[in-house]
Amino acid sequence: MSKKLFLLDAMALIYRAYYALIRSPRITSKGINTNAQFGFTNTLFDLINKEKPTHLAVCFDTHAPTERHIDFTDYKANRQEAPEDLLASIPDIQRIIRGFNIPCVELDGYEADDVIGTLAWQAADAGYEVYMVTPDKDYGQLLIHPSVFIYKPPYMGSKEEVLDAKKVCEKWDIARVEQVVDILGLMGDAVDNIPGIPGVGEKTAAKLLKEYDTLENVLANADSIKGALGEKVRNGKDSAIISKKLATIITNVPVQFHEEDYQLKAWNNEALIEVFTELEFKTLGKRILGDAFNVFQTAAAGVQTDLFGNAVETKTAAKADGEEGLLATGFSADKNINNTPHEYHLLDTPEKVQAFLNDAVQQSEICFDTETTGLDANEADLVGMSFSFTPGVAFYIPCPPERDKTLAVLEQLRPLLEKPDITWIGQNLKYDMLVLKWYAFELKGNIYDTMLAHYVVEPEGRRSMDLLSAQYLGYEPVHIEELIGKKGKTQGNMRDVAVDKIKDYAAEDADITLQLKHALHPQLKEKEVEKVFYEVENPLVKVLTAMEFEGVKVDVGFLREYSKQLEIEAKQFEENVYQEAGVRFNLSSPRQLGEVLFDKLKLDPKAKKTKTGQYATGEDVLLKLAGNSSIVSDILGYRELTKLRSTYVDALPEMINSKTGRVHTSYAQAVAVTGRLSSNNPNLQNIPIRTERGKEIRKAFVPRDAEHTLISADYSQIELRVIAAISGDENMCEAFKQGKDIHTATAAKVYGIADEEVTKEQRYKAKSVNFGIIYGQGAFGLADNLGISRAEAKEIIDNYKKEFSGITRYMDGMINFAKEHGYVQTLMGRKRWLRDINSSNFTVRGFAERNAINSPIQGTAADMVKMAMIRIQAAMEKEKLRSRMILQVHDELVFDAHNDELEILKPLILENMKAALPLPNEVPVEAELGTGINWLEAH
DNA sequence: AAGTTCACG
DNA sequence: ACGTACGTGAACTTT
């Protein structure tokens, strides 16, 4: 057997692991982020398992400066400081590596790639096959040696990949791997702040090398390169030479490859158990160490699991010293459905279904899940349903493709589905209920949505079934891809999958969801979020289901006409821009626009500010351009019109449902961290209103027929009322109690004048401060926003803080509360955890501090609207109205109202909105309402 | 898949 | 010296 050496680029892998999991970080019960430790360990273990190396080493960078830093002070200068979590992970990772009895190699004055390069070539000369484990493309240059390869570990769904010299050449479009350093020298590397030749990218570099073979030869022939490119090359000669040197990996650093040191040996299990326990690697620990870890865990935790995986208290078990934290979060961690005997039943005859029903109607809680032909609940057909009420046992009932047969199946289930005293448990039940609603069935009992339970327990993470199962049950369920393939062109249809396979998949989903409920449920109490769960989120599900089912009518004819008009006007703006610029280019490309504006036309403040080094061309930048030339207004005109056309006018008709002729948005109830809803497919929460041309689009949203009218009702200044109320600021509370215009009242206080003396200008500035305050804005931001000096902005803010000292107290109070408790909360007890609040990094901490100020405000307003929706829906049902609530836009509710019901409905809506969530300090809640034959008119 | 811009509250 | 106002979703370009 040949000898295989793997050399790991530790920091690159650690970074990747950390950021791969950043959206759903792994946090221990002590609040430590273990993304990097987890990801790295996973990669290392999988590698050992799969690739069976005979020899292995992990290489680190050291803090000592390298020759590159000394030669070129900008080297890696723009690199952001690593997050604290990530830096803190390194000692743990080194302990883990030592636990595996693998050497860590590092050398002051050299980077990991130099060490790896040197060792790789030495080992290869000694007859090894060498794999350098790294995602870094620069390593390509080392493949000059034929037995050296790059091994890219699997990442985000893509498989691992072994790169040889041929593949590297293909990637860069070059002839020989020796040219890797030439290409890097020419194009530079933004990540390491290696400049290269400005304006030369990957493509251009490859082109140059095709013609001239080496970087030196390119430079030698710079005079014969024509046009702008030649100019760039001639100007960038010095930079190119330095860049090539920086990009060249040193292969003769003072290390020696002693093969016996790098040979894989037996692990130090004790050391590994200690680290894994500390890091709470439950499943991973067991996967790596097997029973050695299991025995320890169970004893340490003082909890065992019964046959079905339920946590059972063991009275006699004593906690091992120092292992308090292991189950402190309250989930039963060691459940593994794999080890639990499970029975998944296929109920494919009416007799079997009946037997199931007899049992099921006795239950108080049943987990329910549907399988359908698609992701859009308004278009999908039912393929089957699964149920579970005993952990490990689940039932799957298939539905035939013919609609009448599916209806017959549902009919048999009617006594169960409509039983009023059942609690239906499910993951994202809105989807399942919406599917049922298209068959005119509904779940009449209570519901318990595990997705929402997780949302209130942990609003920030993601919560797919797969993730939740892994996190709370330590179990990886069957992936849907195994049934219907990956998303995209190859994705198949659930209808075409063999019924036995669907049964296993679907039944498992119901089984897992039931167990998930048991794991999550104690967390509601522990985290003190029961109120927001039971009084806000859970009851809202049925309301949203009804709204999504209803949809809204869109006047397609109007939009088609408007589209033509916008197209003509946009074209005119576009032509104007090309005239003014003197070139034709793609005006939709910010990159090309930036080059035209700043390189060709040399317009004044050269704001080069995007992180990729391109010119920023956003509206704020363009408006600051010298002279406000007409090209700017033409660009902005073009942008406005094309935006309106592509995002709304042309897109909305495409979203019309084939069955209803209406547009059905989908509300995401567990996405926005503050507690707001979000809307997608299409997003109906960002329909234009601020510009004349934009608000026209609202005319396309119309009542269902001539007997109906749209009603729009919105809260007045809800966020400011909330901050007044929860801060208890006297002046602001008083202004609201007296029914004053809040921005005028604010201006009067800030400028020390009477309300009547406030000018438009002053009111405008005060309004900006009021909004800025909600978000934690500083003097810089206010100055930028209002186009005033920082001194003036500071003065306004100082005055504001003095006059509204209660607001200042609130802001400081929230930050201190967060620092002490690690979270902030809304009136309904909705929490947001802010683990960066004590960070030593100014920027990171500042972000958390602004969240601490803003989240309770935005979140309390969200609580209030949601509660209003629940009340209004209930009242409308009680009155048996034909009118329907159809849209929510954060502080606004829209209704498709029957004309006969308008006079009942108006007070019903307003009263329920005002009374939904009374604010402290007697701050009144006001709402306003309008009606019309379209949304614009109603607003 | 990431970055940029822009629509809303 | 740095960055600077919160929360979203979608379209388009570029990698």
Side-chain angles (χ1 to χ4, degrees), chain A residues 77-78 80-81 155-158 171 190 201-203 459 585-594 609-622 635-636 639-652 655 665-668 671-691 693-695 697-698 714-715 717-719 723 768-785 790 793 832 841-859 861-862 865 887-892:
Chain A
N78 65 353
Q80 286 204 335
E81 210 182 311
Y155 183 59
M156 303 284 268
S158 61
K171 275 219 161 131
E202 189 182 326
K203 292 283 153 58
F585 58 99
N586 184 352
L587 185 48
S588 296
S589 162
R591 202 183 138 178
Q592 294 182 30
L593 175 63
K609 83 160 196 219
T610 70
K611 51 187 159 191
T612 50
Q614 285 171 46
Y615 296 119
T617 67
E619 185 172 354
D620 51 335
V621 175
L622 295 186
I635 294 164
L636 294 177
R639 286 233 178 112
E640 182 190 355
L641 301 193
T642 50
K643 173 87 176 178
L644 294 178
R645 221 159 81 87
S646 67
T647 309
Y648 307 101
V649 180
D650 290 349
L652 282 170
M655 304 295 289
T665 186
S666 177
Y667 289 102
V671 168
V673 282
T674 52
R676 276 189 176 181
L677 298 177
S678 77
S679 156
N680 59 46
N681 296 308
N683 183 352
L684 296 185
Q685 289 181 324
N686 71 347
I687 301 301
I689 192 161
R690 292 174 186 170
T691 67
R693 287 188 178 96
K695 64 167 66 157
I697 293 170
R698 295 203 168 210
D714 65 324
Y715 281 113
Q717 305 293 359
I718 190 58
E719 293 196 344
I723 194 175
S768 184
V769 183
N770 272 333
F771 283 113
I773 288 292
I774 296 176
Y775 305 138
Q777 186 184 45
F780 181 96
L782 182 67
D784 188 55
N785 193 357
R790 274 179 76 174
R832 177 167 185 185
N841 180 316
F842 179 87
T843 311
V844 172
R845 189 181 62 248
F847 193 70
E849 287 174 354
R850 293 193 294 275
N851 287 153
I853 294 167
N854 175 259
S855 294
I857 305 167
Q858 194 179 111
V865 188
L887 297 173
Q888 189 254 43
V889 193
H890 309 306
D891 64 355
E892 174 189 8

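Hydrogens, waters and symmetry mates are skipped; everything else that's a heavy atom, side chains included, is used.
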Can you tell me how far apart [atom1] ([X]) and [atom2] ([Y]) are? Round to the nearest 0.5 Å.
| X | Y | atom1 | atom2 | result |
| --- | --- | --- | --- | --- |
| A/I723 | A/I853 | CD1 | CD1 | 8.0 Å |
| A/T691 | A/L636 | OG1 | CG | 12.0 Å |
| A/R591 | A/F585 | CZ | CZ | 13.5 Å |
| A/R832 | A/N854 | CZ | CG | 8.0 Å |

field: Between C/dA1 and B/dC6 - C1' atom distance, rounded Å
entry: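 About 31 Å, rounded to a whole number of Å.
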- prompt: How far does the C1' atom of C/dC2 sit from the matching atom of B/dT5, given to the nearest Å?
  reply: 24 Å
- request: Return yes if the base of B/dG3 and the side-chain atoms of A/R591 contain a donor-acceptor N/O pair under 3.5 Å, otherwise no.
  value: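 It does not, because no donor-acceptor pair links the side chain of A/R591 to the base of B/dG3 below 3.5 Å.
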- prompt: Has the side chain of A/Q685 got a donor or acceptor that lies under 3.5 Å from a partner of the other kind on the base of B/dC8?
  reply: no
Is any side-chain nitrogen or oxygen of [X] closer than 4.0 Å to OP1 or OP2 of [N]?
| X | N | result |
| --- | --- | --- |
| A/R676 | C/dG7 | no |
| A/S588 | C/dC12 | no |
| A/T642 | C/dA11 | no |
| A/R690 | B/dG9 | yes |
| A/R832 | C/dG7 | yes |
| A/N686 | C/dG7 | no |

- request: Identify, between A/N586 and A/S768, the residue whose nearest nucleotide on DNA chain C lies closer to the 5' end.
  value: A/S768
statement: By nearest-nucleotide position on DNA chain C, the 5'-leaning member of A/Q858 and A/F842 is A/F842
Of the candidate nucleotides [options], which contains the atom at the shortest distance from the side chain of [X]?
| X | options | value |
| --- | --- | --- |
| A/H890 | C/dG7, C/dT14, B/dT5 | C/dG7 |
| A/V671 | C/dT13, C/dT8, C/dA11 | C/dT8 |
| A/N681 | C/dT8, C/dA10, C/dC6 | C/dA10 |
| A/T647 | B/dT4, C/dG7, C/dA11 | C/dA11 |
| A/F780 | B/dA7, B/dT5, C/dT4 | C/dT4 |
| A/S646 | C/dG9, C/dT14, C/dC12 | C/dC12 |
| A/K643 | B/dT4, B/dC6, C/dT14 | B/dC6 |
| A/T617 | C/dG7, B/dT5, B/dG9 | B/dT5 |
| A/P590 | C/dG9, C/dT4, B/dT4 | B/dT4 |
| A/A651 | C/dT8, C/dC6, C/dA11 | C/dA11 |

Between [N] atom [atom2] and [X] atom [atom1], what is the distance in whole Å?
| X | N | atom1 | atom2 | result |
| --- | --- | --- | --- | --- |
| A/N683 | B/dC6 | CG | P | 17 Å |
| A/Y667 | C/dG9 | OH | C1' | 13 Å |
| A/I773 | C/dC6 | CD1 | P | 13 Å |
| A/L782 | C/dG3 | CG | C1' | 16 Å |
| A/N854 | C/dT8 | CG | C1' | 12 Å |
| A/I774 | C/dG7 | CD1 | C1' | 12 Å |
| A/E640 | B/dC6 | CD | C1' | 11 Å |
| A/R845 | C/dG3 | CZ | C1' | 13 Å |

- prompt: With sugar-phosphate meaning primed atoms plus P, OP1 and OP2, does A/Q592 contact a base, only sugar-phosphate, or nothing at under 4.0 Å between heavy atoms?
  reply: sugar-phosphate
- request: For residues A/L684 and A/L652, determine if any side-chain heavy atom of one lies less than 4.5 Å from a side-chain heavy atom of the other.
  value: yes
task: Report yes or no: does A/R790 contribute a side-chain atom to a donor-acceptor pair with the main-chain N or O of A/A783 at less than 3.5 Å?
output: no
- prompt: Is there a Watson-Crick or G-U wobble partner for B/dA7 with both distances under 3.5 Å, and if so, which one is it?
  reply: C/dT8
